[in-house]
Amino acid sequence: MEKSINFTGILSNKAEENPDFYNWNRVRVRYCDGASFAGEGQNEANKLYFRGQRIWLAAMEELMAKGMQNANQAILSGCSAGGLASILHCDEFKNLFPETTKVKCLSDAGLFLDATNVAGGHTLRDMYEGVVTLQGVQKNLPSTCTSQKDPTSCFFPQNLVSNVKTPMFLLNAAYDAWQVDQSLIPSLADPHGLWRACKTDRSHCNSSQIQFFQDFRNQMLDAVKIFSESNQNGLFINSCFAHCQSERKDTWYENDSPRIGNKGIAVSVGDWFFDRTAVKAIDCPYSCDKTCHDVILK
């Protein structure tokens with residue numbers, strides 16, 4: 001773990017890099033439990049103890065005592081596993097504050113899908129099942145989901161987002177680079193390397209491979225359909241092969257940052273948070289977007 005971290009993107013304290021949030025108190029909570037701050041279990045035989053939920057509660061207690069309880073406005077954001085944490089803990093975060101405080105949540109690259117890989121397997125579901133079981137996550141998952149679905153399904157955002165009561169913004173690449181690499185085309189699912197060229201350079205993909213990516217995008221759009229119908233929620237789903245766009249200087253608020261229509265990510269999030277205008281931005285399918293900052297997969 002690095003000794004220090006740059007506060008960039010939505011965490012920047014420079015008005016020219018982060019016009020809407022630069023003068024806020026900004027706190028980064030270090031993520032270290034492996035289950036998006038949701039674990040509460042142990043494996044006595046191997047002396048493993050998972051306390052993600054307690055870490056979350058302790059961090060919030062500390063921050064509230066340091067003055068966060070007096071905030072007029074608050075936003076809980078996170079990217080990747082932190083984006084999932086923002087979804088899992090959004091309503092809990094809201095409940096820390098008085099009714100008069102404006103509280104919203106931003107999940108960046110947290111929309112992990114229960115998708116099928118190129119070999120027909122379920123890489124991410126298998127991984128999540130291990131996490132949920134090992135860490136005793138079930139008791140910290142919302143009963144609105146666990147009363148109807150198995151615990152592993154309730155760790156997937158697609159089964160959670162429409163039941164979050166607090167206003168939420170979903171920022172996600174339609175072809176999330178981490179999911180493409182680790183969930184859709186993990187090396188175990190492509191033992192003969194049929195996808196290797198396509199995975200590292202989309203110009204080498206054939207039409208059926210491109211269609212596979214488009215099917216994944218369609219699954220993502222289906223997953224947020226009910227969520228997007230709520231007036232209080234916001235969306236920015238761009239057709240990029242990227243992962244985490246809110247905490248990077250180059251993708252947050254630069255002249256060449258990603259855009260949908262003529263609006264970038266920082267302005268979209270700000271418009272939504274401050275109720276300047278509704279934001280329900282969904283990009284046209286790959287390869288129409290020329291503003292992407294794509295992650296190059298190895």
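In this structure, CD in Gln158 is found 12.0 Å from CZ in Phe112, a value given to the nearest 0.5 Å. Atoms CG and CG, from Asn18 and Asn23 in turn, are 9.0 Å apart once rounded to the nearest 0.5 Å. For the atom pair CD (Glu16) and OH (Tyr253), the distance works out to 10.0 Å, reported to the nearest 0.5 Å. Interatomic distance, CG of Leu124 versus OG1 of Thr116, reported as 11.0 Å (0.5 Å rounding). The distance from atom CG of Leu11 to atom CH2 of Trp24, rounded to the nearest 0.5 Å, is 12.0 Å. Here the OG-CZ distance, from Ser246 to Arg248, works out to 10.5 Å after rounding to the nearest 0.5 Å.
Under a cut-off of 6.0 angstrom, the local environment of CD in Glu61 is sparse, with at most 12 non-hydrogen atoms contributed by other residues, nucleotides or ligands. Within 6.0 Å of CG on Asn6 lie no more than 12 heavy atoms contributed by other residues, nucleotides or ligands. Atom CD1 of Ile226 has 12 or fewer neighbouring heavy atoms from other residues, nucleotides or ligands inside a 6.0 Å radius. In this structure, Lys66 places its NZ atom where only 12 or fewer heavy-atom neighbours from other residues, nucleotides or ligands lie under 6.0 Å away. The environment of CG in Asn25 is sparse: at most 12 heavy-atom neighbours from other residues, nucleotides or ligands sit within 6.0 Å.
Looking only at distances, no side-chain donor or acceptor of Glu62 sits under 3.5 Å from a matching main-chain atom of Ala59. Between the side chain of Gln179 and the backbone N or O of Leu111 there is at least one donor-acceptor pair closer than 3.5 Å. Although no hydrogens or angles enter the test, the distance criterion places a donor-acceptor pair under 3.5 Å between the side chain of Ser257 and the main chain of Asp250. Under the 3.5 Å distance criterion, the side-chain polar atoms of Asp91 are matched with a main-chain donor or acceptor of Lys165. Side-chain atoms of Lys280 come within 3.5 Å of backbone atoms of Ser228 as a donor-acceptor pair (strictly under, hydrogens ignored). Under a 3.5 Å cut-off, the side chain of His293 and the backbone N or O of Asp256 do form a donor-acceptor pair. In terms of modelled atom types and a separation under 3.5 Å, the side chain of Ser107 and the main chain of Ser86 share no donor-acceptor contact. The backbone N or O of Val103 lies less than 3.5 Å from no partner atom in the side chain of Thr101, so there is not a single donor-acceptor pair. A donor-acceptor pair under 3.5 Å links the side-chain atoms of Lys104 to the main chain of Phe273, judged by distance alone. Although no hydrogens or angles enter the test, the distance criterion places a donor-acceptor pair under 3.5 Å between the side chain of Thr200 and the main chain of Ala197.
The nearest pair of heavy atoms linking Ser208 to Asn206 is OG-OD1, 2.9 Å. Pro258 and Phe236 get closest at one heavy-atom pair: O-CZ, 4.3 Å. When all heavy atoms of Trp252 and Gly9 are compared, the pair lying nearest together is CD1-C, 3.4 Å. The minimum heavy-atom distance between Cys154 and Thr146, with the atom names listed, is SG-N, 3.4 Å. Closest heavy-atom contact between Leu84 and Pro157: CD1-CG, 3.8 Å. Minimum interatomic distance between Gln245 and Asp108 (heavy atoms only, all atoms of both residues): N-OD2, 2.8 Å.
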request  = In sequence, state the C-alpha distance, the side-chain angles, and the governing distance for Glu92 and Gln53, and then conclude on side-chain contact (heavy atoms from CB on, under 4.5 Å).
outcome  = CA-CA 11 Å; Glu92 271 177 78; Gln53 181 70 23; 3.0 Å; yes

query = Could you go step by step and tell me if Lys102 and Lys94 meet the side-chain contact (heavy atoms from CB on, under 4.5 Å) rule?
reply = CA-CA 9 Å; Lys102 181 182 191 129; Lys94 169 81 167 77; over 6 Å; no

request  = Please assess Trp178 against Val295 for the test side-chain contact (heavy atoms from CB on, under 4.5 Å), listing each intermediate value before the final yes or no.
outcome  = CA-CA 9 Å; Trp178 186 90; Val295 174; over 6 Å; no

request  = Go through the steps for Asp190 and Lys199 under the test salt bridge (charged side-chain N to carboxylate O under 4.0 Å, His left out), then give the verdict.
outcome  = CA-CA 11 Å; Asp190 184 33; Lys199 183 174 165 178; over 6 Å; no

task = Start with the C-alpha gap between Arg30 and Ile5, add the side-chain angles, then the distance that decides, and say whether side-chain contact (heavy atoms from CB on, under 4.5 Å) holds.
result = CA-CA 10 Å; Arg30 277 298 183 70; Ile5 295 178; 2.9 Å; yes

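With respect to Lys149 and Asp114, no salt bridge is recorded, no charged nitrogen being found less than 4.0 Å from a carboxylate O. Salt-bridge check for Arg202 with Asp294: passed, with a basic side-chain N closer than 4.0 Å to an acidic carboxylate O. Between Asp33 and Arg51, no side-chain nitrogen of the basic residue sits less than 4.0 Å from a carboxylate oxygen of the acidic one, so the salt-bridge criterion is not met.
In this pair, Phe37 and Trp56 present their aromatic rings tilted. The plane angle is within the 30 to 60° band.
Side chains of Tyr49 and Gln42 form a contact here, defined as non-hydrogen atoms less than 4.5 Å apart. For the pair Ile87/Leu170, a side-chain contact is recorded, criterion being any heavy-atom separation below 4.5 Å from C-beta on. Proximity of Cys198 to Phe213: side-chain heavy atoms (C-beta onward) are separated by under 4.5 Å at one or more points. The shortest distance between side-chain heavy atoms of Asn13 and Phe7 does not fall below 4.5 Å. For the pair Met60/Val29, a side-chain contact is recorded, criterion being any heavy-atom separation below 4.5 Å from C-beta on. Between Tyr175 and Ser239, the closest side-chain pair of non-hydrogen atoms falls below 4.5 Å. By the 4.5 Å heavy-atom criterion applied to side chains, Leu221 and Lys225 are not counted as neighbours. Considering only heavy atoms from C-beta on, Met68 stays 4.5 Å or farther from Val27 through its side chain.
Two rings, from Tyr286 and Phe241, have their centers less than 6.0 Å apart. Aromatic rings from Phe21 and Phe274 are positioned such that their centres are separated by under 6.0 Å. Aromatic ring centres of Phe212 and Trp195: separated by under 6.0 Å.
With sequence neighbours left out, Asp289 forms a side chain to side chain contact (heavy atoms under 4.5 Å, CB included) with Asn238, Cys240, Asp283, Thr291, Cys292. For the side chain to side chain contact (heavy atoms under 4.5 Å, CB included) test, residues two or more places apart in sequence or in another chain that qualify with Gln138 are Pro151.
Under the 4.5 Å side-chain contact rule for hydrophobic residues, Leu113 and Met127 share a cluster. The same ILVMFWY cluster, assembled from side-chain heavy atoms under 4.5 Å apart, contains both Val224 and Phe155. Residues Val164 and Leu88 fall within the same hydrophobic cluster, defined by Ile, Leu, Val, Met, Phe, Trp and Tyr side chains chained together at heavy-atom separations under 4.5 Å. Residue Tyr128 is grouped with residue Val161 when hydrophobic side chains (ILVMFWY) are merged at heavy-atom distances under 4.5 angstrom, including chains of intermediate members. Hydrophobic clustering, with ILVMFWY side chains joined whenever heavy atoms are under 4.5 angstrom apart, keeps Leu171 apart from Tyr31.
Side-chain contact annotation: Asn159 with Ser153, donor-acceptor N/O pair under 3.5 Å absent. Under the 3.5 Å distance criterion, with hydrogens and angles disregarded, no donor-acceptor pair is assigned to the side chains of Asn218 and Gln214.
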